[in-house]
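Keep in mind the model is a prediction, meaning the values are calculated, not measured. Throughout, protein chains are lettered first and strands after them, A, B, ... in sequence-line order, and every chain is numbered starting at 1.
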Amino acid sequence: MNTRLPRLPATRSALPGAIATACLALLTACSSMPAQNAALDQARNRLAAAQARPETVAMAADELARARESLRRADQALINGDSVAQVDHLSYLALQQVVIAEDTAASRGAQAVVAGAAAERDRMRLALRTREADTAQAQKSAAEAVSATRTAQLAQSEAATQAERDRVARRDVTVSGLEAQLRDMNARYTDRGVIVTLGDLLFDTGASQLRVEGQPRMDQLAGFMKRYPERHASIEGYTDNVGKAADNQTLSDRRAHAVMAALIQLGVPGSQLSTQAFGEEHPTASNGTAAGRQMNRRVEVVFAREAGDLVSK
Amino acid sequence: MNSTFSDRPTRTACHPLAWPLAAITTALLLGACASPPTAPPQLAVAEAAVQRATTPGTSGDAPAELRVATDKLAAARTAVAAGDIDRARRLSEQAEVDARVAELHADSVRSRRAAQESQDAARALAEEIQRKTVR
């Protein structure tokens with residue numbers, strides 16, 4: 001504006017008016033010149049910075065609006081030419097309003113973080129619980145499968161046990177029946193097996209023919225052997241030492257065969273039987289006495305030992 | 001001041017009680033002058049604001065800000081006593097906004113701390129879950 005001064009027309013009549021215009025222009029320039037106030041600038045800058053942060057604008061819009069209004073009042077005071085103290089004061093209030101907006105935004109942002117973190121924790125806990133439940137379910141299913149298998153195995157095992165028990169029970173019955181009959185026949189239990197002795201009284205002296213009196217005993221033996229066809233019997237002949245050994249050997253063989261023949265005749269399968277002749281060997285008593293010699297003249301029916309048999313008594 | 005009066009060489013006949021009475025009157029007048037001029041309404045507002053802000057929480061989390069507010073309130077009272085009502089009004093207004101700043105600053109400190117704690121808790125939980133998953 002004052003650049004116009006050199007170009008002022010040099011007319012005398014116009015000069016006072018021109019000077020007045022210039023003065024007015026100068027005054028206007030002075031008044032329109034941006035007045036400076038450090039506190040106001042500080043508040044303005046701080047407000048500008050706060051407004052540049054999107055989170056502050058989003059979180060504290062009302063507070064920022066209040067700060068802007070405060071700053072506008074401070075600006076107005078400066079324009080109005082209010083005292084520096086008053087402008088400083090309003091600037092300070094505006095500055096503090098910006099601080100309030102900043103703190104409010106920070107608070108709300110942090111609260112949002114808290115809420116977000118809480119939601120995140122809930123989400124994680126839910127996920128964990130779901131996973132735990134799934135795992136538990138899977139474990140339960142697996143356990144149930146195992147349990148089912150075990151139950152089946154147990155049932156199977158129980159069935160097997162029952163079968164075994166039944167078998168044992170049947171065998172016990174068998175054994176007890178066997179035992180009773182063998183007892184009737186004065187059977188002896190030895191390491192070789194169960195021995196039934198057919199005494200000398202069944203045979204005539206020097207003869208291998210069975211006496212009629214021995215028939216009940218033979219029936220008993222035959223009955224027993226037919227009932228237990230799995231039991232093999234060895235028929236062994238023995239004599240005393242009277243006479244030649246060779247003759248005794250022959251006699252014992254014939255007597256053993258006579259017993260076998262009698263049993264076969266009574267229906268015992270031959271495959272179940274065998275004979276052996278021992279002659280005067282293996283005496284059970286002394287040949288020195290008549291009673292001893294009688295005990296030595298004998299035929300023994302030996303049932304081989306079987307599992308479950310009583311060993312000896 | 002009244003000493004100036006008393007030093008005055010006046011020897012006119014008077015009531016014996018005239019001097020003491022004058023002295024008392026003068027003292028009363030002066031006292032009236034010295035009594036606090038009317039406090040600006042902003043002072044009461046500032047006092048209420050500062051009182052509200054003065055909590056253990058604010059003292060703990062925004063002690064400096066609260067101190068600014070209380071100091072300014074004290075200064076406002078002093079200004080009232082000194083008869084500078086304009087200054088008292090400004091200081092009151094500033095004390096009020098300072099008290100508000102102290103409160104909100106304490107709020108933001110607390111909130112930030114809570115945010116930190118909850119983030120830590122979330123991280124701890126995530127780690128725990130991680131361990132459980134690995135196991």
Side-chain angles (χ1 to χ4, degrees), chain A residues 39 43 46 55-56 59-60 62-63 66-67 69-70 73-74 77 82-132 134-136, chain B residues 40 42 45-46 49 53 57-58 61-62 64-65 68-69 72 75-76 79 84-135:
Chain A
R46 184 98 179 230
E55 65 269 26
T56 311
M59 295 283 186
D62 290 352
E63 287 75 7
R66 239 168 275 148
E69 175 57 21
S70 289
R73 277 202 294 271
D82 288 356
S83 70
V84 173
Q86 179 64 9
V87 174
D88 279 351
H89 169 62
L90 291 174
S91 299
Y92 181 81
L93 293 184
L95 178 73
Q96 290 294 69
Q97 289 293 350
V98 179
V99 172
I100 284 172
E102 287 170 348
D103 275 333
T104 302
S107 277
R108 289 177 184 160
Q111 281 158 11
V113 168
V114 169
E120 174 68 4
R121 278 203 306 280
D122 287 348
R123 193 190 60 71
M124 284 193 289
R125 282 205 195 91
L126 181 63
L128 179 62
R129 270 199 293 274
T130 306
R131 196 155 52 209
E132 281 174 349
D134 288 350
T135 308
Chain B
Q42 288 85 352
V45 175
T58 313
D61 290 323
E65 287 78 0
V68 168
K72 228 166 255 180
D84 191 345
I85 302 306
D86 242 15
R87 186 170 150 73
R89 177 184 54 78
R90 289 188 192 121
L91 285 169
S92 296
E93 283 177 359
Q94 290 185 15
E96 185 203 347
V97 79
D98 288 344
R100 188 92 189 101
V101 164
E103 278 182 309
L104 288 168
H105 187 69
D107 275 357
S108 78
V109 169
R110 268 194 298 276
S111 298
R112 266 189 285 246
R113 196 160 49 224
Q116 187 61 51
E117 281 166 5
S118 66
Q119 279 172 329
D120 288 350
R123 198 172 303 116
L125 183 64
E127 281 167 9
E128 192 187 329
I129 289 172
Q130 188 60 34
R131 271 202 302 280
K132 274 191 182 174
T133 313
V134 169
R135 194 144 44 95

A.B. asks: Quick one: of B/Gln116, B/Glu93, B/Arg90, who has the most non-hydrogen atom pairs under 4.5 Å with chain A?
C.D. replies: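 Winner by heavy-atom pair count: B/Arg90.
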A.B. asks: Strictly distance-based, threshold 3.5 Å: is any side-chain N or O of B/Arg89 a donor or acceptor partner for the main-chain N or O of B/Pro40?
C.D. replies: no
A.B. asks: Is it the side chain or the backbone of B/Ala106 that comes within 4.5 Å of chain A heavy atoms, both, or neither?
C.D. replies: neither
A.B. asks: For the candidates A/Leu93, A/Asp88, A/Thr135, A/Val99, which exhibits the highest count of non-hydrogen atom pairs separated by less than 4.5 Å from chain B?
C.D. replies: A/Leu93
A.B. asks: Checking B/Asp86 against chain A: side chain, backbone, both or neither under 4.5 Å from a heavy atom?
C.D. replies: neither
A.B. asks: Could you give me the CA-CA distance, side-chain angles and deciding distance for B/Arg131 and B/Glu127, then say whether salt bridge (charged side-chain N to carboxylate O under 4.0 Å, His left out) is met?
C.D. replies: CA-CA 6 Å; B/Arg131 271 202 302 280; B/Glu127 281 167 9; 5.0 Å; no
A.B. asks: Any side-chain to backbone donor/acceptor pair from B/Arg100 onto A/Gln96? Under 3.5 Å, distance only.
C.D. replies: no
A.B. asks: Which region of A/Ala85, side chain (C-beta onward) or backbone (N, CA, C, O), has a non-hydrogen atom less than 4.5 Å from a non-hydrogen atom of chain B, or is it both or neither?
C.D. replies: both
A.B. asks: Hey, is CZ on B/Arg87 packed in by over 12 heavy atoms from elsewhere, all under 6.0 Å?
C.D. replies: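 Not buried by this count: 12 neighbours or fewer within 6.0 Å.
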A.B. asks: Can any side-chain N or O of B/Ser108 pair as donor or acceptor with the backbone N or O of A/Ser107 at less than 3.5 Å?
C.D. replies: no
A.B. asks: Which one wins on heavy-atom pair count under 4.5 Å against chain B: A/Gln86, A/Glu132, A/Arg131, A/Gln97?
C.D. replies: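 The option with the most such pairs is A/Gln86.
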